[in-house]
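Here's the structure, in structure tokens; my notes come after.
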Amino acid sequence: MLVISVTANGFRATENCGYFDMYAFSMEDAFVLFIEDISMKEGIFMKTKISTKLLAVLMCIAFLLSLCACGSDNETVDSTQAVKTEVADPLWENAVYTEDVTLGEGETTIDVVVEAGEKSIVVTINTDAKNLEDAITGVDLVQGDQSEYGLFIKVVNGITADYDVDQSYWSINKNGEYMMSGAKDTEIANGDKYELVYTK
């Protein structure tokens with residue numbers, strides 16, 4: 001049985017019939033190796049062609065090493081793609097909730113879809129509030145500036161829309177249709193569905 005190991009100086013091989021070192025000096029002579037027979041006291045070097053069996057073993061080792069190298073490259077590409085996926089929509093970087101969630105307590109239940117960029121989530125709100133503004137501010141889903149017309153929404157679920165910076169704002173829809181009234185003037189009923197949509 002032939003056992004081959006890689007050393008700093010070349011390949012070292014052990015056979016049942018004896019022990020000898022092999023050092024590869026050149027690839028140009030069709031894999032010709034110089035074999036030093038340690039068991040011979042004179043330390044005679046003889047030149048011989050590598051056997052078919054030994055050549056096959058060496059080629060297998062080289063093939064396995066190349067597969068390992070290819071595997072490492074693929075893992076690097078996959079991890080890079082994963083990172084790109086996570087930061088694909090920067091609007092959601094500061095979001096409080098990134099999955100559907102239920103908030104609050106009360107007799108009335110409404111669904112509020114938060115939509116920004118390519119992503120949206122459903123926030124189910126249980127409340128005793130009578131209007132939409134009180135329902136969404138009561139669970140800290142939105143923040144904004146109060147005016148004589150009610151709340152001017154700037155932040156929804158941690159996502160900021162600033163018209164003064166980039167002409168973005170939050171529109172309020174009900175069942176997919178744009179609402180002309182503000183959140184304060186919108187009375188809610190059990191089962192209502194609203195959408196807060198980041199618009200630019």
Side-chain angles (χ1 to χ4, degrees), residues 60 62-200:
C60 286
F63 179 70
L64 290 174
L65 290 174
S66 67
L67 283 180
C68 292
C70 290
S72 299
D73 291 343
N74 289 339
E75 287 173 8
T76 303
V77 171
D78 290 344
S79 62
T80 304
Q81 289 173 348
V83 170
K84 287 181 181 177
T85 302
E86 288 176 8
V87 295
D89 197 342
L91 286 173
W92 288 81
E93 283 181 349
N94 297 319
V96 178
Y97 307 106
T98 56
E99 304 275 334
D100 295 352
V101 64
T102 300
L103 304 173
E105 296 178 357
E107 297 295 321
T108 303
T109 300
I110 63 171
D111 284 337
V112 178
V113 177
V114 178
E115 182 179 326
E118 300 295 319
K119 184 176 175 63
S120 64
I121 63 168
V122 178
V123 180
T124 300
I125 299 174
N126 298 312
T127 183
D128 289 324
K130 302 299 181 190
N131 63 61
L132 182 59
E133 180 180 312
D134 290 343
I136 58 181
T137 58
V139 293
D140 295 322
L141 181 62
V142 302
Q143 293 84 40
D145 297 331
Q146 282 289 350
S147 70
E148 58 181 310
Y149 304 106
L151 181 67
F152 180 71
I153 300 172
K154 286 190 171 181
V155 181
V156 176
N157 187 36
I159 304 169
T160 301
D162 193 337
Y163 191 84
D164 294 332
V165 174
D166 58 6
Q167 288 74 53
S168 61
Y169 63 95
W170 288 101
S171 67
I172 304 174
N173 300 349
K174 182 176 182 181
N175 298 321
E177 294 188 8
Y178 183 79
M179 292 177 53
M180 300 304 292
S181 60
K184 186 174 184 178
D185 298 325
T186 302
E187 294 186 359
I188 61 173
N190 195 51
D192 280 354
K193 181 177 180 180
Y194 299 91
E195 299 91 29
L196 297 174
V197 182
Y198 181 93
T199 307
K200 190 173 176 181

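Just so we're clear, the structure is a prediction, and the values are computed from it rather than from any experiment.
Pairs passing the side-chain hydrogen bond (donor to acceptor under 3.5 Å, both in side chains) check and including a residue from residues 132-142, sequence neighbours excluded, read Asn131-Asp134, Glu133-Gln146.
No option in Thr109, Val123, Ile125, Thr124 other than Thr124 meets the side-chain contact (heavy atoms from CB on, under 4.5 Å) test with Thr102.
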Legend entry - Audit row: Asp111, Tyr194, side chain to side chain contact (heavy atoms under 4.5 Å, CB included) steps and yes/no: CA-CA 6 Å; Asp111 284 337; Tyr194 299 91; over 6 Å; no
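Salt bridge Asp145/Lys154: present, at least one basic N to carboxylate O contact under 4.0 Å.
With sequence neighbours left out, the side chain to side chain contact (heavy atoms under 4.5 Å, CB included) criterion links Ala116 to Leu91, Trp92, Ile159, Trp170, Tyr198.
No more than 12 heavy atoms of other residues, nucleotides or ligands lie within 6.0 Å of CD in Glu177, so this atom counts as exposed by the packing criterion.
Val142 has its side chain within reach of Leu151: a pair of non-hydrogen atoms, C-beta onward, lies under 4.5 Å apart. Considering only heavy atoms from C-beta on, Ser171 comes within 4.5 Å of Tyr178 through its side chain. Asn94 is not listed as a side-chain neighbour of Thr160, based on a closest heavy-atom distance of 4.5 Å or more. Using a 4.5 Å cut-off on side-chain heavy atoms (C-beta onward), Met179 and Thr186 make contact. Residues Asn157 and Ile121 have side chains in contact (heavy-atom distance under 4.5 Å, counting atoms from C-beta outward).
To the nearest 0.5 Å, atoms CG (Asp162) and NZ (Lys200) are separated by 11.0 Å. The distance from atom CG of Asp192 to atom CD1 of Ile110, rounded to the nearest 0.5 Å, is 7.0 Å. Rounding to the nearest 0.5 angstrom, the gap separating the NZ atom in Lys174 from the CD1 atom in Ile188 is 10.0 Å. Note that CG of Asn173 and CG of Leu196 are 8.5 Å apart. Values are rounded to the nearest 0.5 Å.
In terms of heavy-atom proximity, Ala161 sits nearest to Ser168 at CA-OG, 3.5 Å. When all heavy atoms of Val113 and Ser120 are compared, the pair lying nearest together is CG1-CB, 4.1 Å. In terms of heavy-atom proximity, Thr199 sits nearest to Val197 at OG1-O, 3.1 Å. Looking at every heavy atom in both residues, Ala129 comes nearest to Ala135 through CB-N, 3.7 Å.
Judged by distance alone, the side chain of Asn126 and the main-chain N or O of Gly106 form no donor-acceptor pair under 3.5 Å. Of the possible donor and acceptor atoms, one in the side chain of Lys119 sits under 3.5 Å from a partner among the backbone N and O of Thr98.
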